[in-house]
Amino acid sequence: MPEKSNREAVLDKLREEALKVRRNSWRALHAAGIGHVGGALSAADLLAGLYFHFLRLRPGEPEWEDRDRFVLSKGHGNAALAAVLAQAGFFEESRLDEFYAYESLLGMHPDIKCEGVEMSTGGLGHGLSIGIGMALGARLQNKDFRTVVMIGDGELQEGSNWEAAMAAVHLSLSNLTAIIDYNKVQQSGHIHEMMGLEPLAEKWRAFGWAVHEIDGHDMGEIVDVLDALPLEADKPSLVIAHTIKGKGASFAEDTYLWHNNAVTDEVYEKALAELEAQS
Amino acid sequence: MSASANGNVDVPEWVSLAANQSRLSFGLAVTELAQRDDSVVAIGSDTLDLIGLRTLQKEHPDRVVDVGIAEQNAMGIASGLATTGMHPYLCGYAPFITARSMEQLRNDVAYANQRVVIGGACSGISLAVSGGTHHAVEDIALMRSLPNMTVVVVADAHQGWHATLATQDYDGPVYLRLGGRAVETPVTPIDANFEIGKADVMRAGKDVTVIACGCLVPEAMSAAETLEADGVDVRVINMHTIKPLDRDAVLAAAAETGGIVTAEEHHLTGGLGGAVAELLAEEHPTRMRFVGMPDEYAIVGPTGQVRDRYGMSARHIVDACRSLR
Ligand SMILES: Cc1ncc(C[n+]2csc(CCOP(=O)(O)OP(=O)(O)O)c2C)c(N)n1
């Protein structure tokens, strides 16, 4: 069955990129000495799927007007975004060593001045509204580019998300997809202990979104849902990706302690060794 | 601070726990106040560790309400609580708890004149590596423009403790501007007296006055030392309360010294410099220089380096003083 093996080859390539996103995220965070480990690693597979399977981009021409738009609303995951942008060819991977450095365009949060970054983010709860504006801009100009916004689960506690959730449905923006990196942990603890979100899928369905839940670390499921977008005609699509905060580093998984933490030489070596064992 | 039997000075426990971070001394003082006063309640916004509220949460779980990443909601809840006689202490990041919740702040807290104390951590460009979304260099201007609001900028962790305790019986809403994660040089005494609205003259001097707040106070002290070597006698005022401004301290400096330099980690528009200039323009026109963040967004980088790039270091205060001579 050549088709199946072709799919496996595609998935293997994407898994390799995802592993590299994790390695490169650690590289950037180590260069910085401290940073948002957990939320970068939970998003790594999703970002690899988006940038190497879905988004239509021209890394050599970052301002190409028909490009798909991606907004990392949970901007503190910038180590992973920087990693995937470098891997996609927007800039040299060596620039990851300038994470947080003086005059660098790679800081703790994405900066619109950096090649490939569509919006400066970091203050939580902004991305979905911005994505609506981009999707609306496409429609008003008869363009077929698509807009994807990635939101943190803790970030959903900001009320602005729910204003945007209403607007996207009212405007029937089927060219807009939101992905929730549902890693169940925020800065100070587990979501359900801080300010619970459940029943999450039902909430979005009640707002009128087309909703699909996946394992955000299963590349097959990632690819399938991306290939199925938009999930329903005339509706915005929501992907709830169940993930693990700190995925790929045993010591950092499923704990708020690694939301933002110091990345010493020792931590870096340990993390790389664990990734090596997974490859 | 009291002397113990062996002659050593007892350093209170909060000093070491605060580890020279005013965001932590604020949390420790809120914890202390909660023990003294049943009406005190801390409202977090996913900030339990940022502000150091774990001890209070453990000892009095009902006195810490963290509403998650929802600053507007937190502000409204604080206002509602205050109307019932509770004394809420809101714990947030300076850029988000001010700008994000601005309408709740204006209507529900300032306009309704409710006793809400707002602690804003990571002010200025203390989180310089975070980039512009996380810098708070307009918060003094925003808060100062609200009637009823008291605005305090603490210079170090020691002052963070005393300023927070001073809000216990203080009327009306208060904004306490705190540092965050960057190095905070201790510059005020551990046992200093603190009175809201009463400036501290850190150094007497007759040639020129530097009026500073926050992390620029230690820079002003070191600038004064440099200038002393040149024979310039600098008065340094720690203007920890921006509103209500200590008019007497400003007017005395204008009358007794040859010019005034203001220094703050804030945009040059609408902050401490603006407050001082507004007073002096009417009451005692004085030659002034302003040290602060120019009208642009700061780049990313190590905090000290970024501060220096935008002209907020001791050497810039020295230059400003010299240019008044
Ligand atoms: C408006 C706003 N409030 C607070 C913060 C500080 N902050 C940064 S990350 C974070 C937690 C985010 O949690 P979540 O969205 O679950 O992200 P993830 O687990 O994916 O890292 C907080 C509170 C912020 N960046 N913006």
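Computation of the quantities below employed the complete heavy-atom set of this structure, encompassing side-chain atoms and omitting hydrogens, waters and symmetry-equivalent molecules. Per chain, numbering begins at 1; letters A, B, ... match sequence-line order.
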Centroid-centroid under 6.0 Å between A:H30 and A:F99 rings: no
Aromatic centroids of B:W161 and B:F26 separated by under 6.0 Å: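 Ring-ring flag for B:F26/B:W161: false, centres at least 6.0 Å apart.
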Toward chain B, the part of A:M195 with a non-hydrogen atom under 4.5 Å: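 Side chain of A:M195 only, per the 4.5 Å heavy-atom cut-off to chain B.
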Heavy-atom contact with chain B under 4.5 Å, split by part of A:E98: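 Answer is neither: A:E98 stays 4.5 Å or more from chain B.
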Over 12 foreign heavy atoms within 6.0 Å of CD, B:E13: no
If we define contacts as heavy-atom pairs under 4.5 Å, which of [options] has the most with chain A?
options	value
B:L48, B:T47, B:L50	B:L48
B:P95, B:A298, B:P302	B:P302
B:V300, B:V129, B:D46, B:T133	B:D46
B:V67, B:L127, B:D49	B:V67

Side-chain heavy atoms of B:L105 within contact of B:M143, under 4.5 Å: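 B:L105 reaches B:M143 side chain to side chain.
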Portion of B:I299 that has a non-hydrogen atom of chain A nearer than 4.5 angstrom: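 When you check distances to chain A, only side chain atoms of B:I299 fall under 4.5 Å.
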Interchain contact, B:N73 with chain A, by part (heavy-atom threshold 4.5 Å): neither
B:E219 and B:R315 ion-paired at < 4.0 Å: no
For chain B, the option from A:H109, A:M194, A:K113, A:E103 that forms the most heavy-atom pairs under 4.5 Å: A:H109
Among A:G122, A:S104, A:G35, residue most engaged with chain B (heavy-atom pairs, under 4.5 Å):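 Option with the top pair count is A:G122.
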B:R63, B:E59, B:H60 screened by side-chain hydrogen bond (donor to acceptor under 3.5 Å, both in side chains) with B:Q35, the one that passes: B:E59
side-chain hydrogen bond (donor to acceptor under 3.5 Å, both in side chains), paired with A:T243, selected from A:D153, A:N183, A:D181: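 Checked A:D153, A:N183, A:D181 against A:T243; only one passes side-chain hydrogen bond (donor to acceptor under 3.5 Å, both in side chains): A:D181.
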